[in-house]
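Contents: one structure, followed by commentary.
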Amino acid sequence: MATTPAVPNRQRQVEEELVRAVLASFQDTPDPRLKELMQTLVRHLHAFIREARPTEAEWQHAIDFLTAAGHITTDRRQEFVLLSDVLGASMQTINVNQGADASATEATVVGPFFVEGSPEIPIGGDMAAGAPGQPCWVEGTVTDTDGNPVPGARLEVWEADEDGLYDVQYDNDHLAGRAHLFTDDQGDYAFWGLTPTPYPIPHDGPVGALLEATGRSPMRASHLHFMAAAPGLRTLVTHIFVEGDDLLTSDAVFGVRESLVNRFERHPVGTPAPDGRDLSGRSWSSVRFDIVLSPQPR
Ligand code: BEZ
Ligand code: FE
């Protein structure tokens, strides 16, 4: 644990007095939770400043960084989510909220590319919708933590194409590589997607500059996003990762969990597809991902 650098007594008193004054300014916050959040934030923010002792120029640089993050953010580009992700803050928020319920499927970051309004596909449908990449048959069963199948669970799935881009990163309104579907009476689902490939998080903005300046890679391990929701059960946001992917240990947003790494079977050209789909001479892959949803927290 780092300690506050030695500062002269008088100086320390001035610094501590300011922390007390700022804490006191939130003392009458009517909402007790907001009060707790703000006072905890103030304590830690001041501890950071008092330990790291940024120069005024450095502090201005930090303000400029946040200003640039605001300027580049649009309804299609969320730089603050990226910042939270690369600092591990998104994963830590998931950790503190979801505990380690060993019987349920683990959660991971939502990332900036989920958008409302995905098309519905039937079971066995194709969520790729023309996005380039190797076809991948994805199937599984959704159950609760008692092992009961969950019929009618809504699954949102989204992923990047083989060029490492999500549909919303193209300059058109075409939706591809995203869809939603519902589990059948047995809790089963299946769809065609794309074999996930690695790609960098958007790194042409301030967060990319931060990664560059700190010698960090923007690459994410290959993954396919899922959001699973059903009445009475906790909504799960997660991904599946690809066994053997070199990036599993260095994911830019700390999103990999061992339990989410899955074996993708590779099928050479000419292997018949499970649903008889004509793959026109293409190789394909398949993966099984069973999802266990925990009860809704009280
Ligand atoms: C993604 O999975 O697409 C993603 C997650 C976090 C930050 C950037 C991208
Ligand atoms: Fe992603």
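Every number for a ligand or one of its atoms is a count from 1 in the order of the listing.
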- prompt: Looking only at N/O atoms, are His223 and ligand 1 under 3.5 Å apart anywhere?
  reply: yes
For Ile201, the ligand 1 atoms with a heavy-atom partner under 4.0 Å come out as 7 (C), 8 (C), 9 (C)
* To do: Before signing off on this row, confirm whether His225 and ligand 1 have an N or O atom pair separated by under 3.5 Å.
  => yes
For atom 6 (C) of ligand 1, the closest protein heavy atom turns out to be Asp85 OD2, 2.9 Å
Phe113 heavy atoms within 4.0 Å reach ligand 1 at atoms 3 (O), 9 (C)
Donor-acceptor contact present, side-chain Thr183 to main-chain Gly152, <3.5 Å
yes
Answer yes if the side chains of Gln11 and Glu15 hold a donor-acceptor pair under 3.5 Å, and no otherwise. yes
Tyr166 heavy atoms within 4.0 Å reach ligand 1 at atoms 1 (C), 2 (O), 3 (O)
closest protein heavy atom to atom 9 (C) of ligand 1 is Pro112 CD, 3.4 Å
The closest protein heavy-atom partner of atom 2 (O) of ligand 1 is Arg220 NH1, 2.7 Å
For Ser250 and Arg216, does a side-chain donor sit closer than 3.5 Å to a side-chain acceptor?
no
Q.
Show, in sequence, the C-alpha distance, side-chain angles and deciding distance for Asn9 and Gln13, and conclude whether the side chain to side chain donor-acceptor pair (under 3.5 Å) test is met.
A. CA-CA 6 Å; Asn9 258 352; Gln13 280 165 10; 5.7 Å; no
At under 4.0 Å between heavy atoms, what of Leu82 touches ligand 1? The answer is side chain
NE2 (His223) to the Fe ion (ligand 2) to OH (Tyr166), nearest 10°, is 120°
Please answer: with hydrophobic residues joined when any side-chain heavy atoms are less than 4.5 Å apart, are Phe191 and Ile291 in the same cluster? yes
Review point. With under 30° as parallel and over 60° as perpendicular, where do the rings of Phe226 and Tyr189 fit, or are they tilted in between?
Key: perpendicular
Do the rings of Trp59 and Phe48 sit parallel, tilted or perpendicular, given the 30° and 60° boundaries? tilted
of all protein heavy atoms, closest to atom 3 (O) of ligand 1 is Tyr199 OH, 2.4 Å
dist Leu18:CG -> Leu23:CG (nearest 0.5 Å) comes out at 9.5 Å
Checklist entry - Hey, is Asp85 close enough to Arg220 for a salt bridge, meaning N to O under 4.0 Å? => result no
Going by the 4.0 angstrom heavy-atom rule, the piece of Phe114 near ligand 1 is neither
Note: ligand 1 atoms sitting under 4.0 Å from heavy atoms of Val253 are 6 (C), 7 (C)
